[in-house]
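Scroll down for the structure; my scribbles are underneath it.
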Amino acid sequence: MYAEVALPEEHRVRAAGFGLHPALLDAAMHTIAFYDRDEADAELVLPFAYREVALHASGASALRVRVTPSGPNTMTLDLADESGSPVASVGSVVSRPVSPEQFDTAATADRMFHVAWEELPVRPDGTTVEPVPVVDAEDVHRLTATLEASLPEMLLLDLGGGVDSDTGDATAEVRELTGRALRVVQAWLAEPSLASSRLVVVTRGAVAVREADPLDPAVAAVWGLMGSAQAENPGRILLLDIDQETIPTALLPAMLAGDQRQLALRDATCFARRLTRVVEVPEAGSGGVGGVRSGGTVLVTGGTGALGAVVARHLVAVHGVRSLVLA
C-alpha cells in the first residue's frame with residue numbers, strides 16, 4: 001500500500017529541527033490501519049513492537065510511504081521524501097489484535113485521579129536563607145564565576161505572570177517564558193558547583209487553586225515544563241505560584257524543608273498540589289464515565305488513531321457523551 005503524508009504548510013518550516021517530525025511519522029504509521037487485510041477485516045490491531053528502525057535523512061516535511069506485509073500482522077515501512085530519496089525505514093512493525101470488549105474490564109474507580117490542593121501549614125521557622133535572584137542563564141554563569149567560595153543554597157527565578165502581564169501575543173509570551181526558564185535550568189544543572197543548591201521558580205497565575213483564580217497561559221506552560229525537570233531532578237526544584245507582587249522569602253526555608261514540589265500561596269495560606277483518587281465514579285449507564293458527566297466535553301488524546309476511534313465510539317454509544325475533542 002502506498003500513501004503520501006505531509007505537514008500543514010504553516011508547520012513545514014519547523015520540520016528542519018527534527019530528525020523526523022513526530023506528527024509526520026505518526027501520520028505515516030496510520031497508513032497501516034488502512035491496509036486491506038484478507039481475513040478478520042473487523043478485527044482491531046494495534047502496533048506492538050518495532051524492529052530495525054533507521055533514520056536516513058532529517059528535516060523532511062512530506063513523505064512517500066510504502067507499507068509491505070512481511071508476515072502475520074507484520075508490516076515493513078519505507079519512507080522517502082518527495083523526490084524519492086530514503087528518509088527512514090522500519091524493518092518490521094508487529095501488531096496485536098485488541099478486542100473492544102477488553103476496555104469494559106478496566107477497574108475505572110481505581111485508575112481515575114484528579115488534582116487537588118491541600119492546605120499546608122507553613123510559618124516562618126526562624127531560619128534565614130537569602131535567595132540569590134537569577135534572571136537568565138548568564139546570571140547563573142556569572143554567579144559561579146564570582147561566588148566560588150560561598151555558593152548560594154537557594155536560587156530564585158521570578159518569572160512574573162498574572163493577567164496584568166498579558167501582552168496580547170500569547171504564543172510569543174509562552175515561548176519567551178518557557179525558553180528563559182529552560183535556559184536557566186539547563187545552565188544551573190550543568191554547574192557541578194551548584195549541585196547542592198535549590199532552585200525556586202516563582203510564578204503568578206499558573207494554577208487555579210480556587211475556581212475564581214485567573215490563569216495566565218504562559219506561566220501555566222512553565223509549570224508543565226518544570227514538572228518534567230522536577231521528575232528528572234528530584235528534590236532540587238520548587239514551583240511556587242503566588243497571588244501577590246512580593247515574594248514571601250521568609251517562608252521559603254519552611255517550604256523547602258518539607259521537600260515540597262509544587263505550592264501555591266493564596267491570601268497568605270499555602271496549598272500543596274496533590275494527585276488524589278476520584279472517590280465516586282458513576283457506573284456504566286448512569287449518565288457519566290470516569291467522573292465526567294455525559295453533558296460535559298471529553299478529551300481523547302491520540303483520538304485520531306485506531307484506538308482513539310474505538311474509545312470515542314464507546315463513549316458515544318455506551319455512555320451518551322455528545323461532545324468530544326479528539327487530539
Side-chain angles (χ1 to χ4, degrees), residues 3 5-12 14-15 18 21-34 44-47 98 100-117 163 166 168-175 177-178 205-228 262 273 275-327:
V5 298
L7 293 172
E9 195 64 39
E10 62 271 24
H11 293 294
R12 288 195 167 205
R14 301 180 184 176
F18 295 88
H21 195 290
L24 195 62
L25 176 60
D26 185 57
M29 295 301 303
H30 277 72
T31 306
I32 295 176
F34 293 97
L44 172 68
V45 294
L46 299 176
V98 177
E101 287 73 27
Q102 290 179 246
F103 304 125
D104 291 331
T105 62
T108 309
D110 291 336
R111 304 182 187 187
M112 293 298 298
F113 295 84
H114 70 122
V115 172
W117 291 94
V163 291
D166 186 9
D169 188 345
T171 303
E173 187 73 6
V174 167
R175 289 178 180 165
L177 278 181
T178 54
V207 292
V209 177
R210 301 165 297 201
E211 287 188 12
D213 287 351
L215 285 174
D216 181 337
V219 288
V222 169
W223 269 57
L225 175 67
M226 290 296 101
S228 296
Q262 300 179 354
R273 195 178 195 183
L275 196 63
T276 61
R277 291 185 185 275
V278 174
V279 178
E280 295 182 5
V281 179
E283 296 296 329
S286 65
V289 55
V292 180
R293 294 186 181 90
S294 58
T297 297
V298 176
L299 169 67
V300 183
T301 57
T304 59
L307 181 56
V310 173
V311 171
R313 292 191 194 99
H314 182 78
L315 289 170
V316 172
V318 177
H319 297 282
V321 175
R322 291 294 176 264
S323 175
L324 300 100
V325 175
L326 310 182

Query raised in the report: Among all residues two or more places apart in sequence or in another chain, which pass the side chain to side chain contact (heavy atoms under 4.5 Å, CB included) test with V174?
Result: T178, A218, A221
Requested in this report: Sequence neighbours left out, what passes side chain to side chain contact (heavy atoms under 4.5 Å, CB included) with D213? Give chain and number order.
Outcome: A208, V209, R210, R266
Requested in this report: Considering non-hydrogen atoms only, spot the tightest contact between A206 and A220 and give its length.
Outcome: O-CB, 3.5 Å
Requested in this report: Check L7 against R12 and note the closest heavy-atom contact, atom names and distance.
Outcome: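 Result for this residue pair: O-NE, 3.4 Å.
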Nearest-0.5 Å distance that lies between atom [atom1] in [X] and atom [atom2] in [Y]:
X: L177; Y: D216; atom1: CG; atom2: CG; answer: 7.5 Å
X: R322; Y: T297; atom1: CZ; atom2: OG1; answer: 13.0 Å
X: Q262; Y: L275; atom1: CD; atom2: CG; answer: 10.5 Å
X: L326; Y: L299; atom1: CG; atom2: CG; answer: 8.5 Å
X: L24; Y: H11; atom1: CG; atom2: NE2; answer: 12.5 Å
X: D169; Y: R175; atom1: CG; atom2: CZ; answer: 8.5 Å

Query raised in the report: Between H21 (side chain) and A23 (backbone), is there a donor-acceptor pair under 3.5 Å?
Result: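 Yes; at least one donor-acceptor contact below 3.5 Å.
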Query - Side-chain touch V207/W117, heavy atoms, less than 4.5 angstrom - result: yes
Report task. Might you work through the side-chain contact (heavy atoms from CB on, under 4.5 Å) test for V300 and V325, ending with a clear yes or no? Result -> CA-CA 6 Å; V300 183; V325 175; over 6 Å; no
